[in-house]
Colleague: 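Here it is: the structure, laid out below.
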Amino acid sequence: MVWTGTWVSDRLGIELAGDDELRGLLGLALRRNPKRAHLLVSGVLGKHVPQLPSVVHGHGVTLGRRVRALLGAEEAARAVVLGYAETATALGHAVADGLETAPYLHSTRRPVASVPSAGGFEESHSHATSHLLLPEDPAFFDRGGEAGRGPLVLVDDEFSTGNTVLNTLRDLHARHPRDHYVIVALVDMRAPGDAGRLAAFAEETGARVDVVAHARGTVRLPEDVLARGLRLVEEQDGSTADPLVPCAPAVAPVRLQLGWPAGLPDGGRHGFTPDHRARLREALPAMAARIVDGLGGPEQAGRVLVLGFEELMYAPLVLARALEEAGLDVRFSTTTRSPVLAVDDPGYAIRTRLAFPAHDDPADGPGERYAYNVAGGGFDTVLAVVDSAADTPALHAPGGLLAQLATAAPRVALAVVPAHTPVPRTPDRQEPPVLPAPLRGPDFSSYEPDDVGWLLQDLSAVRLEAPVEEREEAVQRGGAHYAESLPVEYQPTEEYQELYRDALAGSAARIARAVGTVTELVLAERSPRPVLVSLARAGTPVGVLMRRWARHRHGTELPHYAVSIVRGRGIDANALRWLAAHHDPADVVFVDGWTGKGAITRELADALAGFPGFDPEIAVLADPGSCVRTYGTREDFLIPSACLNSTVSGLISRTVLRDDLVGPHDYHGAKFYRELSGSDVSRDFVAAVEARFDEVADAVDQQVKEAASADRAPTWEGWAAVERISEEQGIHDVNLVKPGVGETTRVLLRRVPWKILARRGAGADLAHIRLLAEQRGVPVEERDDLPYTCVGLIHPRYTRGATGADGKAVGSA
């Protein structure tokens with residue numbers, strides 16, 4: 001076979017000298033990096049070159065056993081292992097596996113505000129130089145017992161100049177001095193002069209420093225290699241274009257459910273203990289079985305590449321290893337930040353590359369990322385494994401990683417590991433009290449107990465209602481937030497109730513079709529076993545219906561909870577903590593009734609930034625604002641549950657967030673209006689829609705099929721329309737513009753409306769709007785240019801003395 005360093009060696013005169021096995025471990029490629037021309041490409045690391053997972057893991061474990069033999073069992077039990085991001089994160093894990101008893105940490109380029117740095121260093125030749133050390137346990141580097149700190153084992157893929165290791169040793173020795181260091185690498189490629197610097201550090205500090213490597217040698221570089229290498233890269237850039245062009249996948253990737261153990265870290269970014277290792281080993285066979293089932297078995301899966309993600313190497317590696325043990329033909333590699341020239345030549349280590357935008361909102365800003373030797377690898381299936389912080393719209397966008405993988409393999413699957421959210425340990429930290437179980441009917445709400453669990457606290461005994469006009473004035477003057485009180489519940493007239501009944505009879509099938517479509521999309525694309533979490537309260541009837549559809553159509557009982565989210569104040573963090581403790585956050589699907597301009601969609605995305613295990617995309621019944629990818633319809637039509645308040649939502653009020661009622665360890669609050677039970681239609685609404693499930697089943701299947709191949713990327717057309725309306729009406733505040741039938745109804749029921757813009761000829765969808773507007777003396781303006789069926793305008797700069805009926809924005813009275 002041709003050595004994969006031949007192409008570079010012939011053109012630049014770079015040579016490897018040393019142990020016989022060097023060429024079997026390393027190839028050569030050219031960097032797009034002004035600091036170093038060449039790249040030593042490991043064939044056994046699992047970064048740039050797809051390799052058998054048993055080979056990748058086995059090399060690290062072997063090194064770990066050699067370290068254990070060097071240290072002896074007693075010292076090995078006191079050791080800690082530190083790996084380097086991004087290339088050596090899995091190698092360091094595997095070395096720790098070989099040591100068996102050592103905890104593991106790897107450096108990271110992903111800062112976490114809540115975790116203080118335990119050190120840092122620079123990797124001068126790297127494409128991204130700065131490394132952070134962020135252990136969840138601040139005593140990580142002090143392990144060792146009464147005998148003092150134990151040995152520190154530093155793991156990197158290659159030991160070249162020794163600069164990175166020396167930077168690390170000096171930083172850590174100043175903070176946590178110890179008397180023994182072990183440097184571990186697949187290959188030790190130091191020149192003789194570089195070896196002397198490590199000996200000088202040992203003499204200076206009095207510490208023992210050992211080096212353990214699979215092979216040793218040196219790289220012989222001509223004096224002008226950097227300049228010649230850069231010229232060669234420029235020449236090749238014009239003649240070796242990337243073999244594949246960006247395009248969107250024809251079919252959405254298969255999303256596989258891992259069943260990742262709750263609370264188990266995704267890797268060593270913040271520390272990984274022997275107990276974590278044992279839990280992961282125990283869970284791996286079941287996770288592998290889920291993957292095999294999700295891929296349709298070994299024959300349908302074919303030749304599989306498990307593709308990890310930058311620093312997330314170990315979890316994908318051990319999953320790939322478990323698949324290998326289950327009999328699949330599987331290889332392993334990961335994506336990377338490093339820009340490397342691709343040359344399709346058997347004597348060159350990087351044959352092909354896929355380029356795509358970063359999809360984890362990196363701290364150092366957006367940039368291009370790469371997957372090497374995937375295209376042309378003969379893979380039938382590529383299983384991308386990312387952490388939940390990287391499962392973003394950018395991952396799924398045209399030109400994103402999944403789209404690029406779809407050009408390289410007939411089948412793409414996605415598995416998401418929950419990103420670990422560290423909780424820093426401090427000696428004086430008090431654990432928060434155990435959060436209470438969800439509230440359920442009939443004690444709280446009129447729904448069946450299994451239909452929904454409310455992650456709320458019951459404030460039924462507290463007087464919270466205030467007249468609508470009084471609340472509006474307080475909110476607009478800045479003296480209160482709308483979530484600090486409740487409007488007096490609107491009691492519908494008989495005429496209005498008749499309109500609601502007519503609307504339900506006329507649209508039940510339409511709603512059932514949308515419920516079926518959004519539920520099937522969730523099951524197919526988000527998680528086969530989703531945990532539905534509705535945004536109380538408009539989303540809760542939809543969550544109940546989605547749960548009913550899954551049971552009716554698939555015999556599946558989906559968990560369903562309702563949580564509070566408050567515009568400007570975020571989602572209930574305690575509710576998220578309860579969910580994370582009881583379910584895999586990657587399975588959580590947030591549910592709402594409809595989108596208006598998308599304010600809550602954005603609010604949720606911002607609120608979840610501190611909870612990276614959760615997917616921020618909402619699933620909605622109707623998406624007239626084009627704000628989400630997962631929806632039942634994008635039509636703006638009357639959803640009868642929007643016509644009423646608590647009486648169609650389990651007799652539950654809007655949610656309340658007030659400092660004197662909601663403490664730091666409390667859920668947000670709400671009231672249960674038991675006294676309105678005589679007017680309650682919550683169960684009737686659900687039953688009326690559920691009764692139409694069978695008749696719409698075929699239509700749902702067709703819609704889901706069409707949706708799978710459609711471009712459903714959000715366009716945010718609604719937000720743009722709201723901004724335009726806000727300016728042309730002289731309001732200059734998008735929060736006072738409520739687009740769509742559902743939001744307009746809310747304006748008329750709970751706010752002080754100024755006027756209604758209605759699309760001419762909208763018909764029955766606006767019958768209840770016209771009646772409410774008439775009852776409240778609100779003008780309705782017919783328009784031909786609305787992207788929504790209607791838009792409700794809240795009275796701008798409201799005071800109880802203002803009228804604003806002349807069609808112009810008003811000032812304070």
Side-chain angles (χ1 to χ4, degrees), residues 468 472 490 492-493 495-507 510-511 538 593-599 621-627 633-644 715-798 802-810:
V468 170
E472 193 68 50
Y490 168 75
T493 64
E495 183 182 9
Y496 187 82
Q497 291 183 60
E498 186 62 32
L499 276 177
Y500 162 78
R501 290 190 287 268
D502 290 345
L504 180 57
S507 62
R510 194 177 185 183
I511 298 166
W594 56 85
T595 63
K597 55 182 172 288
L621 194 66
D623 179 36
S626 189
C627 306
T633 180
R634 276 191 167 148
E635 298 177 38
D636 183 17
F637 73 101
L638 171 59
I639 301 171
S641 61
C643 291
L644 301 172
T715 64
W716 294 92
E717 293 174 5
W719 191 278
V722 165
E723 289 180 327
R724 174 175 56 79
I725 291 169
S726 174
E727 295 306 306
E728 75 176 26
Q729 294 291 323
I731 295 174
H732 311 301
D733 183 352
V734 293
N735 291 323
L736 300 181
V737 180
K738 302 294 184 180
V741 177
E743 293 300 299
T744 302
T745 305
R746 285 177 165 186
V747 170
L748 288 162
L749 291 178
R750 298 205 298 260
R751 303 296 292 271
V752 177
W754 179 34
K755 62 179 171 181
I756 307 300
L757 308 181
R759 184 191 296 157
R760 201 180 312 277
D765 278 335
L766 291 188
H768 77 296
I769 295 286
R770 297 182 191 281
L771 177 60
L772 284 174
E774 180 183 347
Q775 290 176 348
R776 299 200 63 180
V778 179
V780 177
E781 181 181 305
E782 303 282 346
R783 297 278 292 267
D784 294 314
D785 60 343
L786 286 183
Y788 296 91
T789 302
C790 59
V791 176
L793 304 181
I794 295 173
H795 206 302
R797 294 183 293 278
Y798 175 77
T803 59
D806 58 358
K808 298 178 181 177
V810 295

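Predicted model, so just to flag it, every value in this text is computed and none were measured.
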Colleague: Of all the heavy-atom pairs spanning T789 and L786, show the shortest one and how long it is.
Modeller: O-CD1, 4.4 Å
Colleague: Work out which heavy atom in D636 is nearest to a heavy atom in C790; give both atom names and the distance.
Modeller: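 Scanning both residues, the minimum pair turns out to be OD2-N, 3.9 Å.
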Colleague: Can you list the residues that meet the side-chain hydrogen bond (donor to acceptor under 3.5 Å, both in side chains) rule with S726, with sequence neighbours excluded?
Modeller: none
Colleague: Just to verify, what does E727 make a side-chain contact (heavy atoms from CB on, under 4.5 Å) with, not counting sequence neighbours?
Modeller: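 Partners of E727 under the side-chain contact (heavy atoms from CB on, under 4.5 Å) test: H732.
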Colleague: Distance check, rounded to the nearest 0.5 Å: I725 atom CD1 versus D785 atom CG?
Modeller: 7.5 Å
Colleague: Looking at Y788 and A721, what are the two nearest heavy atoms and their distance?
Modeller: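 Closest approach of Y788 to A721: CE1-CB, 4.4 Å.
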Colleague: Going by side-chain contact (heavy atoms from CB on, under 4.5 Å), name the residues that satisfy it together with D784, two or more places apart in sequence or in a different chain.
Modeller: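 Only R760 meet the side-chain contact (heavy atoms from CB on, under 4.5 Å) criterion with D784.
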Colleague: For R510, give me all partners under side-chain hydrogen bond (donor to acceptor under 3.5 Å, both in side chains), at least two apart in sequence or on another chain.
Modeller: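 side-chain hydrogen bond (donor to acceptor under 3.5 Å, both in side chains) list for R510, sorted by chain: E635.
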Colleague: Please identify each residue that fulfils salt bridge (Lys or Arg N to Asp or Glu O under 4.0 Å) with R634, with sequence neighbours left out.
Modeller: D623
Colleague: For a quick test of reading the model, state the closest non-hydrogen atom pair linking S507 to A503 and the distance between them.
Modeller: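 Nearest heavy atoms, S507 then A503: OG-O, 2.6 Å.
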Colleague: Holding to salt bridge (Lys or Arg N to Asp or Glu O under 4.0 Å), I want the full list of residues that pass it with E728, two or more places apart in sequence or in another chain.
Modeller: R724, R783
Colleague: List for me each residue that meets salt bridge (Lys or Arg N to Asp or Glu O under 4.0 Å) alongside E723, sequence neighbours excluded, and say none if there are none.
Modeller: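 Counting only residues at least two positions away or on another chain, E723 forms no salt bridge (Lys or Arg N to Asp or Glu O under 4.0 Å).
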Colleague: For a side-chain contact (heavy atoms from CB on, under 4.5 Å) check, start with the C-alpha distance between L748 and H768, then their side-chain angles and the critical distance, and finish with the verdict.
Modeller: CA-CA 10 Å; L748 288 162; H768 77 296; over 6 Å; no
Colleague: Could you state the interatomic distance from CH2 (W754) to CD (Q729), rounded to the nearest 0.5 Å?
Modeller: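 Taking CH2 in W754 and CD in Q729, the distance rounds to 5.5 Å.
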Colleague: Just to verify, which of L793, V791, V780 counts as forming a side chain to side chain contact (heavy atoms under 4.5 Å, CB included) with K755?
Modeller: L793
Colleague: Considering only heavy atoms from C-beta outward, does the side chain of L766 approach that of T744 to under 4.5 Å?
Modeller: no
Colleague: Apply the test side-chain contact (heavy atoms from CB on, under 4.5 Å) to residues I769 and T745: give CA-CA distance (whole Å), side-chain angles for both, the deciding distance (0.1 Å), then the verdict.
Modeller: CA-CA 6 Å; I769 295 286; T745 305; 3.4 Å; yes
Colleague: Indicate the atoms forming the closest heavy-atom contact of A538 with W594, along with that distance.
Modeller: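 Shortest heavy-atom separation between A538 and W594 comes out as CB-CH2, 4.1 Å.
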Colleague: Restricting to side-chain contact (heavy atoms from CB on, under 4.5 Å), what partner residues turn up for R501, sequence neighbours left out?
Modeller: E494, Q497, E498
Colleague: Heavy atoms, side chains only, cut-off 4.5 Å: are P624 and T595 in contact?
Modeller: yes
